[in-house]
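I have placed the structure first, in the form of structure tokens, so that the comments after it can refer back to it.
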Amino acid sequence: MAFRLSNTAREYFDNIEETSSTGEFDSMWDKYYFAAMVGIKARDREVTDDEPTADPFVEGVIEDYQDQKFEIYAALITAEIDRQNIPQDEEDEIRELMLDILDSSDPTQLSDYGKRLLNCYAERGHKRLREAGPAPTEFDEFLRRYHQVLEQA
């Protein structure tokens, strides 16, 4: 199991890069991160059966995100706790969810299920960005829109 963005999501972000004179994404992980954070903040994801089927863009977390990966995973777990309406005092249920999402034996520290969930949050996050209007033609315009979409999530 690996990290995936749908072809539609890739096209959305690629179109921004192709037309922008004000900057670009440093990596496909940047695009994935932007999309995933929108989905996570909104507590909105695709159902796991609708995980994107596009070829994975990377098998693991890239070096630039190694220091942030546990913060991303914590946000993912918190979003799932909220989505599943697990009361904060249900420690056993939360522990079980964490064990389902995390896997200390995997280089990413996520289970296949955890990667699938993150992919589904990223997919829905990209759709929320698209729903906010056509893809911006400048990177700085994308960053402003991203901030607005996050505020509304």
Side-chain angles (χ1 to χ4, degrees), residues 1-14 16-17 23-88 90-91 93-132 135-136 139-140 142-153:
M1 188 49 108
F3 298 103
R4 302 173 189 275
L5 273 176
S6 68
N7 291 331
T8 306
R10 292 177 192 210
E11 288 170 15
Y12 173 85
F13 290 112
D14 290 349
I16 296 168
E17 276 191 318
E24 60 186 25
F25 302 94
D26 288 336
S27 66
M28 180 67 97
W29 241 103
D30 286 343
K31 300 170 187 179
Y32 183 82
Y33 174 81
F34 278 118
M37 289 300 102
V38 168
I40 287 172
K41 173 115 182 347
R43 307 300 196 246
D44 190 13
R45 66 170 168 82
E46 298 296 312
V47 296
T48 54
D49 290 344
D50 289 340
E51 177 190 16
T53 58
D55 290 336
F57 64 89
V58 69
E59 293 293 322
V61 178
I62 67 170
E63 186 62 34
D64 290 350
Y65 282 83
Q66 284 297 321
D67 291 341
Q68 293 88 11
K69 75 180 178 184
F70 293 114
E71 290 152 348
I72 295 167
Y73 300 168
L76 171 66
I77 290 167
T78 301
E80 278 301 293
I81 289 169
D82 289 349
R83 277 184 53 81
Q84 295 181 29
N85 295 315
I86 301 172
Q88 295 295 323
E90 290 293 331
E91 294 176 12
E93 200 170 341
I94 291 171
R95 185 179 302 107
E96 189 66 34
L97 176 67
M98 291 174 67
L99 290 172
D100 287 345
I101 292 174
L102 301 173
D103 179 357
S104 62
S105 68
D106 188 277
T108 65
Q109 306 293 299
L110 283 176
S111 67
D112 285 349
Y113 176 68
K115 290 175 206 166
R116 185 176 309 117
L117 282 177
L118 195 55
N119 290 341
C120 290
Y121 276 104
E123 184 62 21
R124 189 64 190 115
H126 129 264
K127 288 179 179 178
R128 283 179 161 264
L129 287 165
R130 270 197 6 238
E131 290 165 0
F139 187 68
D140 62 344
F142 165 77
L143 293 175
R144 283 191 295 278
R145 178 172 303 155
Y146 175 76
H147 181 72
Q148 290 170 341
V149 170
L150 269 182
E151 289 279 314
Q152 295 168 357

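Being a predicted model, the structure only gives us computed values, none of them experimental. We number each residue from 1, following the sequence as shown.
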- Query: Does CD in Q84 sit with more than 12 non-hydrogen atoms of other residues, nucleotides or ligands closer than 6.0 Å?
  - Reply: yes
Report, one line per pair, each donor and acceptor closer than 3.5 Å where one atom sits in a side chain of residues 25-34; sequence neighbours left out.
| residue | atom | partner | partner atom | Å |
| --- | --- | --- | --- | --- |
| S27 | OG | W29 | N | 3.3 |
| S27 | OG | D30 | N | 3.2 |
| W29 | NE1 | G60 | O | 3.2 |
| D30 | OD1 | Y65 | OH | 2.5 |
| D30 | OD2 | D26 | N | 2.8 |
| D30 | OD2 | S27 | N | 3.3 |
| K31 | NZ | D14 | OD1 | 2.8 |
| K31 | NZ | E17 | OE1 | 3.0 |
| Y32 | OH | N119 | N | 3.2 |
| Y32 | OH | N119 | OD1 | 2.6 |

- Determine, step by step, whether E93 and I81 satisfy the side chain to side chain contact (heavy atoms under 4.5 Å, CB included) criterion, reporting the C-alpha distance in whole Å, the side-chain angles of both residues, the deciding distance to 0.1 Å, and the verdict. CA-CA 9 Å; E93 200 170 341; I81 289 169; over 6 Å; no
- Write out all pairs satisfying side chain to side chain donor-acceptor pair (under 3.5 Å) with one or both partners inside residues 98-108, taking only residues at least two apart or from two chains. D103-S105, D106-T108, D106-K115
- Query: Quick one: which of L110, L118, I77 gives a side chain to side chain contact (heavy atoms under 4.5 Å, CB included) with I72?
  - Reply: L118
- Distance-only, no hydrogens or angles: does the Q66 side chain make a donor-acceptor pair with backbone N or O of V61 under 3.5 Å? yes
- Query: Say you draw a straight line from CG of L99 to OH of Y113; how long is it, rounded to the nearest 0.5 Å?
  - Reply: 13.0 Å
- Query: Parallel, tilted or perpendicular: which describes the rings of H126 and F13, with under 30° parallel and over 60° perpendicular?
  - Reply: tilted
- Message: Keeping R10 on the side-chain end and L5 on the backbone end, is there a donor-acceptor pair under 3.5 Å?
- Response: yes
- How far does CD of E90 sit from CD of E96, to the nearest 0.5 angstrom? 12.5 Å
- Note on the structure: dist N7:CG -> T53:OG1 (nearest 0.5 Å) comes out at 7.5 Å
- Message: L102 vs Y73, test: side chain to side chain contact (heavy atoms under 4.5 Å, CB included). Steps then yes/no.
- Response: CA-CA 8 Å; L102 301 173; Y73 300 168; 4.2 Å; yes
- Message: Rounded at 0.5 Å granularity, tell me how far CZ in F139 sits from CD1 in I16.
- Response: 8.5 Å
- Note on the structure: Only residue of E123, K127, E46, E51 satisfying side chain to side chain donor-acceptor pair (under 3.5 Å) with S6 is E123
- Message: Show the nearest heavy-atom pair for residues V47 and C120, with the distance to one decimal.
- Response: O-SG, 3.7 Å
When the side chains of residues 144-153 are checked against the rest of the protein, which donor-acceptor pairs come out under 3.5 Å, sequence neighbours left out?
| residue | atom | partner | partner atom | Å |
| --- | --- | --- | --- | --- |
| R145 | NH1 | G133 | O | 3.3 |
| R145 | NH1 | P134 | O | 2.5 |
| R145 | NH2 | P134 | O | 3.3 |

- Item | Residues that E131 engages under salt bridge (charged side-chain N to carboxylate O under 4.0 Å, His left out), provided they are two or more places apart | R124
- Message: Please list all pairs meeting salt bridge (Lys or Arg N to Asp or Glu O under 4.0 Å) that have one or both residues in residues 66-88, counting only residues at least two apart or in different chains.
- Response: R43-D82, R45-E80, E80-R83
- Note on the structure: In short, salt bridge (Lys or Arg N to Asp or Glu O under 4.0 Å) pairs touching residues 52-65 with sequence neighbours left out are none
- Message: To the nearest 0.5 Å, what is the distance between CD1 on I86 and CG on L97?
- Response: 5.0 Å
